[in-house]
Each structure stands twice: as C-alpha cells, then as structure tokens.
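Everything below concerns the one structure shown next.
Being a predicted model, the structure only gives us computed values, none of them experimental.
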Amino acid sequence: MSFISRVVCGTSGGFVGGASGATIFTGIGLVVAGGPIAAIGFGVGAIGGTAAGAIAGNNLLKKVRDKQNEY
C-alpha cells in the first residue's frame, strides 16, 4: 500500500461521507424547519460527512495493511 492507496481511500471515503451527510442533514432540515434550515443542513452535512468519511477511509486502509502484514 502506497501513498496513492492512502489518497484513494481518503478521497473515496470523503466523497461517500460528504454525500451521505449532506443527504441526511438536508432531509432533517426540511422536516424540522423548511428550506433555509435545509440549506444550512446541507452545508454542515457535506463538511462533516467529508471529514468523517476521509478519516474512516484512512482507518480502513490501516486495518487492511495490518491484515496483510499478518500473512
């Protein structure tokens, strides 16, 4: 696993996390208070989800590396 693997895992995790977070928080914002709050929820969800997804992607890469070193 190289630097490229780390970039790919972090980026793909960020994309998935950002999309998931934006979707969830936009939906919650629409249900709770309507359009303006949904727009804020989209921004918060996209930023938070991207950061969390990138961290999760890098953690997954570490676990894969550890498993490969066992064999």
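For the atom pair CD1 (Ile28) and CD1 (Ile37), the distance works out to 12.5 Å, reported to the nearest 0.5 Å. We find the CD1-CG distance between Ile55 and Leu60 to be 14.0 Å, quoted to the nearest 0.5 Å.
Closest of all the heavy-atom pairs between Ser12 and Cys9 is OG-O, 3.2 Å.
Val32 and Ile24 end up in the same hydrophobic cluster when Ile, Leu, Val, Met, Phe, Trp and Tyr side chains are linked at under 4.5 Å.
The shortest distance between side-chain heavy atoms of Leu61 and Ser5 falls below 4.5 Å.
A donor-acceptor pair is defined here as one N or O able to donate and one able to accept, closer than 3.5 Å; no such pair exists between the side chain of Thr26 and the backbone of Thr23.
With sequence neighbours excluded, no residue forms a side chain to side chain contact (heavy atoms under 4.5 Å, CB included) with Phe25.
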